[in-house]
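By convention in this document, chain letters (A, B, ...) are assigned in the order of the sequence lines, proteins followed by strands, and residues within each chain are numbered from 1. Values below: all heavy atoms of this structure, side chains included; hydrogens, waters and symmetry mates excluded.
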There are 2 protein chains.
Amino acid sequence: MAQTSLNEFIDVLSKANAVEDIHEICSGFCYFSEFEHFIYGARMPTSLTQPSFIYVSGYPGEWRERYLERNYLSIDPVVAHCARSSLPINWRDVAPLEKKDKVVREFMGDVRDHNLKSGISFPVHTSRGESAMFSLAASDDHKKAKARIDAASPNAVLFTAYLHEAVRKVFAKAPLSVSQIKLTAREKQCLLWAAEGKTTWETARILNISERTVIFHVQNAAEKLNVVNRQQAIARAVSTGLIAPQFN
Amino acid sequence: MAQTSLNEFIDVLSKANAVEDIHEICSGFCYFSEFEHFIYGARMPTSLTQPSFIYVSGYPGEWRERYLERNYLSIDPVVAHCARSSLPINWRDVAPLEKKDKVVREFMGDVRDHNLKSGISFPVHTSRGESAMFSLAASDDHKKAKARIDAASPNAVLFTAYLHEAVRKVFAKAPLSVSQIKLTAREKQCLLWAAEGKTTWETARILNISERTVIFHVQNAAEKLNVVNRQQAIARAVSTGLIAPQFN
DNA sequence: CGGTTACCTGTAACATCTTACAGTTACGCG
DNA sequence: CGCGTAACTGTAAGATGTTACAGGTAACCG
């Protein structure tokens, strides 16, 4: 029961209720798009029960193990791009970075040695602070892959969005939606200024309220965010987009 | 100089450096996709210097004013969907919600009265907590619009991602600084545990080093990040993806 | 009117972070 | 080997954050 159009893939994705289903659908889409390998990885920051990282992999097992063993996740420039950006990234375009950093250079060499010569990755970010990535890869070089990559991109972006939803549905038993946490204006302001490196006293001057009140708001924010202190509140509020400090 | 393919649209988007350019490109894409109206709206998270909301509108001016006047932003179920989800939404599919809520029902009626009978909206979320939406609309009903909507969706999703980047570039004075800042393994670890709400003492226990050393690493990280204290270091490291705290 | 929410304030003890001082050890690289 | 870098450690004063105590004001809404 192979799918023959994007809509069919989206349709079966929304009905998937096991990781195996999702794996098969990804496999199908990968074949449909004329690629050889795929991988989906997500960082789910929000839930009590879920694993922090989720993978659905159609990569060679050997490479997958090597990747984990060597902690490539923290080196991979494609992963770094997807963590920051919402734009698809052709692996070819991370080549410039390659030259500067020895560790990255070695990693890229290793990627090529494992016959993942060309590929493209599609990031997804959600309002819940989840960060995911779907990659399609092949063993031919960038030039030969270009047409295929161009053709697959629009479909794959849409596919990736639905894929992420499907994964979330399968893994989330009782997802805690960060987006539902509402901070009051004052709570956000106090937290924001703290994230900007201001002390309680400084924030109090800025907002023209007492130090005690600043502490009060930060505490309330921390309670709502279900964290233990100011630092963690900042981390969580930033990572879920509740506040967005500027850096000068 | 009309664009005739998705790639061309993406290309000109990445070169746009004024709102007018972006407006024209959106207009072109709208025509290209055989729709009549478009609107892009973004919520840039609480920030000190930037406006909170950004619009690029190809809607009739009359409707735009009415929308703002009546504070439809807080009623519009499509906006609500896009704030939560990463999936495109066909306006037809919010109809079920219509029946429950009187205010929403009135709004939907008003939408139709203004000749926006069918449409589809594409959300984007970023790791920085931005939330944006690009909508395409037409004056024919859902049934007639179906083929057009299906055809446009994959392209529009990709277009929307690039559109959002373009808008951000135009509005943000300091474009996303691709962080070349490298933290050492220990610096990251110490900062990460701090972001997890651990105290210096706790982190020292976890990493099996002295408290003094933890402080030392955090300080070095803060210096590299060019910030004044631990809190700001966490904010910056999280927002640039250098560390990714988990929440339990 | 009563209930709810956001917002605001003070004091005090204690915990934690920041900053200044002054070093040592291990390792890779040219 | 000399050099740079990462990693590591100690002490101590003073600044800042946390927690627990106990409240008050104003706006909105059914």
| Salt bridge present between B:Asp110 and B:Arg66 (N-O < 4.0 angstrom) | yes
| field | Distance, rounded to the nearest Å, where B:Gln219 contributes CD and C:dT16 contributes P | value | 18 Å
| Mind checking whether A:Asn229 and B:Lys198 have side chains closer than 4.5 Å, heavy atoms only? | no
| request: Evaluate the criterion side-chain contact (heavy atoms from CB on, under 4.5 Å) for residue pair A:Tyr40 and A:His164; output intermediate values, then yes/no. | output: CA-CA 9 Å; A:Tyr40 163 91; A:His164 179 66; 2.8 Å; yes
| message | Check the orientation of A:Phe134 and A:Phe38. Use parallel for under 30°, tilted for 30 to 60°, and perpendicular for over 60°. | response | tilted
| remark: B:Leu183 CG to D:dA7 P, in whole Å, measures 10 Å
| query | What class does the angle between the rings of B:Trp63 and B:His114 fall in, given that below 30° is parallel, 30 to 60° is tilted and above 60° is perpendicular? | reply | tilted
| request: Could you pull out the closest heavy-atom pair between A:Ala204 and A:Ser210, with the gap in Å? | output: CB-C, 3.8 Å
| said: Near DNA chain C, counting only heavy atoms under 4.0 Å, which residues of residues 197-205 of chain A show up? | reply: none
Write down the protein N/O and nucleotide N/O pairs, taken from nucleotides 8-12 of chain D, whose separation is under 3.5 Å; answer none if there are no such pairs.
from   : atom 1 : to       : atom 2 : distance (Å)
D:dC8  : OP1    : B:Arg186 : NE     : 3.2
D:dC8  : OP1    : B:Arg186 : NH2    : 2.7
D:dC8  : OP2    : B:Arg186 : NE     : 2.6
D:dC8  : OP2    : B:His217 : NE2    : 3.1
D:dT9  : OP2    : B:Ser210 : N      : 2.5
D:dT9  : OP2    : B:Thr213 : OG1    : 2.9
D:dG10 : O6     : B:Arg212 : NE     : 2.9
D:dG10 : O6     : B:Arg212 : NH2    : 3.2
D:dT11 : O4     : B:Arg212 : NE     : 3.3

| Rounded to the Å, how far apart are A:Gln232 CD and D:dG17 P? | 17 Å
| task | Whole angstrom is fine here: how far is it from CD1 in B:Ile234 over to P in C:dT16? | result | 15 Å
| query | Starting at CG of A:Asn220 and ending at C1' of C:dC7, how long is that distance when rounded to a whole Å? | reply | 10 Å
| said: Classify B:Asn229 by what it touches in the nucleic acid, base, sugar-phosphate, or nothing, heavy-atom distance under 4.0 Å. | reply: sugar-phosphate
| query | Can you tell me if the side-chain N/O atoms of B:Thr184 get under 4.0 Å from OP1 or OP2 in D:dT5? | reply | no
| Between A:Glu165 and A:Arg168, is the closest basic N to carboxylate O distance under 4.0 Å? | yes
| request: Using five base pairs at each end, measure the axis-to-axis angle across the helix from C:dC1-D:dG30 to C:dG30-D:dC1 and round it to 10 degrees. | output: 60°
| message | Any side-chain N or O of B:Gln231 below 4.0 angstrom from OP1/OP2 of D:dT16? | response | no
